[in-house]
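Written below as structure tokens is the structure these notes are about.
In listed order, ligands and their atoms are each counted from 1.
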Amino acid sequence: MAVSVVPTRAKIIIIGGGVGGTSVAYHLAELGEKDVILLDRNELTSGSTFHSAGLVGQLRADPTLTLMNMHSVDLYRKLQQTDTPPSWRECGSIKLASTPERMQEIRRQIGWAKTFGLDLKEISPKEAQDLFPLIDLEGVVGACYMASDGQVDPSQLAMALAAGARRQGVQIFTHTRVLEIKTTNGRVSSVVTDKGEIECEIVVNCGGMYAPQIARMVNVRVPIVPMSHQYLITENFMPQNAPFLPSLRDPDNLIYFRQEVSGLLMGGYERTSKAWSADYNTIDDIPANFNNSLLAEDWDRFTDIAEASQRRVPKMAEVGIKSFINGPEGFTPDNEFCLGETSVGGFFVAAGFCAHGIAGAGGIGKVMAEWVVAGEPTMDLWHMDIKRFGASYESPDFTLQRITENYEQYYDIHYPSEERKSARPKFVSPVYEWHKANGAVFGEKASWERVNFYATNIGNDALRPKDWLGNHWSNAVQVEHYATRNNAGLFDESSFAKARVSGSRASEFLNYVCANNVVKGVGKTTYTQALNSKAGIESDYTVTQTGENEFLIVTGTAFSVHDFGWLEKIRREHSFDGVEITNITKDLACFAIMGPKSRAILQSLTSTDLSHAAFPFMNSKEITIDGIKVRATRLTYVGELGWELYVATEQGLELWEKIMAAGKAQGIKACGYRAIESLRLEKGYRAWAGEINTETNPYEAGLGFAVSLKKEKFHGKDAAVAAHSNLTRKLVAITFDDITCVPFGSEPIRIGSKIVGRIKSGGQGYTIKKAIAYAYLPIEYTSVGTNVDVEFFGTWRTGVICAEPLFDPTNERIKA
Ligand SMILES: Cc1cc2nc3c(=O)[nH]c(=O)nc-3n(C[C@H](O)[C@H](O)[C@H](O)COP(=O)(O)OP(=O)(O)OC[C@H]3O[C@@H](n4cnc5c(N)ncnc54)[C@H](O)[C@@H]3O)c2cc1C
């Protein structure tokens, strides 16, 4: 073993030489980064990579990951032509439907595969058997086939990527263990290894299941747990000259296969998962000498999988087993990768690939290299961003409960509005017990229990959506919707993420971060976005000026780490010293009283004049409601007259009960989040991570009114100016007359015979009595009145592009 001498300085250090680290290195080199080194504590590929099964499937449950996996396939094809080929074999893949529901899922996937130009096609059970003659068709309802999927040798893939990176100047040091990572002023400054210390500007933690250990060196929490994953390889039994088999997935039976030489590799996702080490204190610790190693065979947990494999491929009962692999792999709490810059400047992570890291590696390397170079993601990576994990994931125990639930449902069909069951309740509002006593059905967001609806409200079941959206639907939502439109609804929004921004430069700072002018005087509230350098929407929130240099920022429940992290990053990188950002989410409860009777109800409890003249829209005041001090802000997310009321958490229940009592005669109703969704879709209010994200700019999203180009400067202004004058696509509202046929995301959109886009979001509009969808379309297709076809589970239905907003276009109600 050669003893390497590490350099004393490098711009970028990658830790970990599995497929993740080598792919990041390869793509950084492709982007022209020359001063990059990669360190591995052992040989390359000595973590999860060497024992991977190597299946590469492209189509995933979301567009971003699908695009990333498509890049992987392009890259593996290309690498196959080099002198270090990764044994890429484009053998195709079959997915079987062994239930009618799975067939629906397949049809839905075939639909949105069209929007990527992917060659996914429906095939009959017989055609599946022709391609994979070993299968028994008992219970098979249908199937699909993708010719461009394949398989690769995982170790050779890492070697090929490493070779490509080396050719372009990346230095790789194996048997070099990272022992410590130093920071200066909140940024990484050096990495200490067993071969010496290396100064650096950026560290990318590609440690796979070891990533939490590495991140602890800078006090960053990476919620990944190594889970045991098993597969077996049979003896060779097929004729040498037989056509090579496509890979085969039968998710209803929890199993997958691929050809290995002239035998089969078979694995699956058992219902009784096992974390490698489930001791509370060492859940994600990995022994210092665990290199190139496997776990002990666990046949007991594999029995169901083995039996299922024999039912689907009877030959499995006859052939001998050559090897059995039990390998640990880093899983995250939601089966999505863990990517991005952490709270420590320059410290990135790319880990937790949840048993699809080989399929993902090419795409992961690409997006991470771009993220490192640009300092922000180049596509919408929110659902893979480490900043999606809130405070509850600091707990290893909570993390493990979520990962266990997730692993055991790996192959399940996930329907819209499905809720997690494990580790609940975690955070609750002060009104939680009242909600429970009054029939609330809770959902969970960022570990907060939130009311979805109250089961005690009984509506019209005839409006239940056909297909998947009907699964977790409730007829209570329409009742709450109408109560808000006709009388008043009271919503518990205590989980909203809230931050106080203060200090002598707070005004200057916020007017730089925000695209809108947010410094309008004490008592003024502004709706704004924070833009990245490409004018993509990093955050979307309201800012209330509460003092000369003090502001209250309120954003979505799930976005505190992300949005407040962005504020911290801009503050650090632009040296806004003296600005303080304090997360005050748990200090304040928040209730929204919305609807035409909200003023009368609230006025009966306060001496403050709530008339339009005295308390106009987008104004905020401290008022007293029946003896309780409250910050009342006049705004709305549902398109009605109303106020958001912020109150000290300990007084929350008392305030809630007083308002409910005062509103009884006026028909006030406690309402949940599902009603908010329906109301806001009608009014066209955007949701971050719904219709808007880091990839969409305010102008195409219809939010140009919230950008103040008059301001001398703000972050992302140059790109915003360019976007303003060059609109190439636009978000449009599409309605469907049949309110029970509801698109909910990713369905393809066709105009004439051309696929022009895919649905972004959708739902039911109970007041307008239509199904609603939003989608970005090329500008030439966005005229109001244009008919568009949208594919629902294999059937095309016609909708129409409508003028926005769909409800109360003159804003009479909110400005009443
Ligand atoms: C049994 C099994 C089957 C699988 N099958 C598939 C499949 O069919 N298709 C698919 O797409 N995916 C599959 N996967 C998943 C895939 O193998 C992984 O997602 C992927 O290999 C993870 O790569 P990585 O680079 O993140 O981590 P790793 O390969 O674990 O690399 C991490 C590296 O970090 C190094 N390291 C750790 N600590 C330090 C330190 N302090 N200093 C320096 N270096 C350090 C380690 O030595 C290691 O080499 C499977 C996984 C398993 C376990």
Side-chain angles (χ1 to χ4, degrees), residues 13-25 38-58 60 69 72 76 93 149-155 157-158 161-162 173-181 191-195 203-217 224 226-233 247 249 256-258 260 265-269 276 286-295 324-332 337-339 349-365 368:
I13 296 177
I14 298 165
I15 306 173
V19 283
T22 51
S23 184
V24 173
L38 183 151
L39 310 172
D40 198 288
R41 70 183 201 170
N42 196 62
E43 292 295 337
L44 295 181
T45 84
S46 48
S48 297
T49 298
F50 84 92
H51 54 251
S52 177
L55 281 80
V56 177
Q58 295 164 88
R60 295 284 160 169
N69 288 4
S72 294
Y76 304 166
S93 78
D149 278 352
Q151 62 181 58
V152 71
D153 181 308
S155 294
L157 173 62
L161 289 163
F173 298 89
T174 54
H175 296 279
T176 306
R177 184 180 294 254
V178 173
L179 304 171
E180 190 186 346
I181 302 167
V191 163
V192 181
T193 76
D194 54 1
K195 304 272 171 61
V203 172
V204 191
N205 174 359
C206 294
M209 61 186 167
Y210 311 77
Q213 275 178 319
I214 295 168
R216 272 196 280 279
M217 297 177 192
I224 289 174
M227 302 292 284
S228 135
H229 185 64
Q230 308 192 94
Y231 65 80
L232 58 78
I233 297 174
S247 15
R249 292 179 184 81
Y256 62 80
F257 298 84
R258 74 160 172 81
E260 168 72 14
L265 178 155
M266 186 280 295
Y269 291 87
W276 173 13
I286 294 173
N289 61 355
F290 192 86
N291 304 310
N292 257 319
S293 305
L294 292 170
L295 306 176
F324 187 77
I325 304 287
N326 183 359
E329 157 74 339
F331 274 76
T332 64
F337 305 147
C338 188
L339 309 180
V349 64
F353 299 162
C354 310
H356 50 283
I358 305 300
I364 291 165
M368 281 307 300

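- Residues with a heavy atom under 4.0 Å from ligand 1: Ile15, Gly16, Gly17, Gly18, Val19, Gly20, Leu39, Asp40, Arg41, Ser46, Gly47, Ser48, Thr49, His51, Ser52, Ala53, Gly54, Leu55, Thr176, Arg177, Val178, Cys206, Gly207, Gly208, Tyr210, Ile214, His229, Tyr231, Gly327, Pro328, Glu329, Phe353, Ala355, His356, Gly357, Ile358, Ala359.
- Partners of Ser48 under the side chain to side chain donor-acceptor pair (under 3.5 Å) rule, at least two apart in sequence or in another chain, are Glu329.
- Residues satisfying the side chain to side chain donor-acceptor pair (under 3.5 Å) test with Asp194, not counting sequence neighbours, are none.
- Evaluation of the side chain to side chain donor-acceptor pair (under 3.5 Å) rule for Asn69 yields no partner, not counting sequence neighbours.
- Note: Tyr269 and Tyr256 have tilted aromatic rings, judged against thresholds of 30 and 60 degrees for the angle between ring planes.
- At distances below 3.5 Å, not a single donor-acceptor pair connects side-chain atoms of Ser23 with backbone N or O atoms of Gly21.
- In this structure, the side chains of Asp40 and Ser46 come closer than 4.5 Å at one or more pairs of heavy atoms.
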